Structures are given as structure tokens and as C-alpha cells.
Amino acid sequence: MATIDVTIPDELKAFAESEAARVGHATVNEYMVALLREAERRAAKAELEGKLVHAVNGPAREISEREWDEMDRQFEQRHANGRRP
């Protein structure tokens, strides 16, 4: 695990401590990790949405039976491993 040192003004530190406690995190570190994970999820969602828009606006193509089978296999594998799509 990596460490990041951040210097912030005292009033921002107090706010971070207050917010961490308010939303149920034991430490500011846990709170910051949660904020970064949420930002990471938003970025992944934005990337996916961009890909979907590109695909919708692109030319249509037929999907072969083999491609459907592969997508089905990947779907089943993700769910068998407890991963969320």
C-alpha cells in the first residue's frame, strides 16, 4: 500500500475530520480513500458512457452466435466469482 502526504490549511483539516466523522469513517484517511474510490467509479462510468455513445452512433453490425456465447460465458464467469458487472 502506498502513502501520500498532503499539506492542507488547518480549517480544511478540521472540515475533513468533521466530514469523516459525519459520514461514518473512523479516520480522515478512510474518508479520503472513500472519496478517491468514488471519483474512480465516476471516471469509469464516464468512460463507459462515452464508449456506449460511440457504439450507438457507430455503424450497426450483426453479432455472431460465437460472440453471443462468449459474452454469455464472460457474464456467467463474473457472477460466479461474485463480481458485479
Side-chain angles (χ1 to χ4, degrees):
M1 188 160 299
T3 301
I4 297 175
D5 293 317
V6 178
T7 303
I8 59 174
D10 290 338
E11 64 273 4
L12 194 53
K13 180 180 184 254
F15 175 75
E17 290 169 341
S18 171
E19 284 296 292
R22 184 182 70 77
V23 297
H25 293 287
T27 65
V28 171
N29 185 62
E30 287 178 11
Y31 176 58
M32 296 303 297
V33 169
L35 290 175
L36 290 168
R37 285 194 174 133
E38 180 57 32
E40 184 179 45
R41 279 191 290 274
R42 281 193 312 269
K45 181 180 177 186
E47 181 182 357
L48 176 60
E49 287 173 353
K51 288 179 179 180
L52 290 171
V53 167
H54 178 72
V56 167
N57 292 330
R61 73 175 183 88
E62 202 166 309
I63 296 177
S64 71
E65 187 71 28
R66 184 176 172 192
E67 289 172 302
W68 279 116
D69 290 345
E70 178 61 18
M71 286 187 285
D72 187 48
R73 185 193 65 74
Q74 290 175 4
F75 179 82
E76 292 294 331
Q77 184 179 21
R78 275 195 306 270
H79 287 280
N81 293 334
R83 286 178 42 198
R84 294 177 66 186

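Note that the structure is predicted; figures quoted are calculated from it, not measured.
- Cluster annotation: Phe75 and Trp68 are assigned to distinct hydrophobic clusters (Ile/Leu/Val/Met/Phe/Trp/Tyr, side-chain heavy-atom contacts under 4.5 Å, transitive).
- The local environment of CD in Glu38 is crowded, with over 12 non-hydrogen atoms from other residues, nucleotides or ligands closer than 6.0 Å.
- The heavy-atom pair separating Tyr31 from Ala16 by the smallest distance is CD2-O, 4.0 Å.
- Annotation for Arg37: atom CZ does not count as buried by contact number, only 12 or fewer foreign heavy atoms lying within 6.0 Å.
- Considering every non-hydrogen atom in both Val28 and Glu17, the closest pair reads CG2-CG, 3.4 Å.
- Interatomic distance, Leu52 CG to Lys45 NZ, rounded to the nearest 0.5 Å: 11.0 Å.
- By the 4.0 Å N-to-carboxylate-O rule, Glu70 lies too far from Arg66 to be salt-bridged with it.
- Atom CD1 of Ile4 has 12 or fewer neighbouring heavy atoms from other residues, nucleotides or ligands inside a 6.0 Å radius.
- Around the CG atom of Asp10, the shell of radius 6.0 Å holds no more than 12 heavy atoms that belong to other residues, nucleotides or ligands.
- The shortest heavy-atom contact between Glu67 and Glu62 is OE1-O, 4.1 Å.
- Counted by atom type alone, Arg78 and Gln74 present zero donor-acceptor pairs between their side chains at under 3.5 Å.
- Classification of Arg73 and Glu76 as a salt-bridged pair fails, no side-chain N sitting under 4.0 Å from a carboxylate O.
- Residues Ile63 and Met71 have side chains in contact (heavy-atom distance under 4.5 Å, counting atoms from C-beta outward).
- Once rounded to the nearest 0.5 Å, the distance linking CD of Gln77 with CG of Asp72 reads 11.5 Å.
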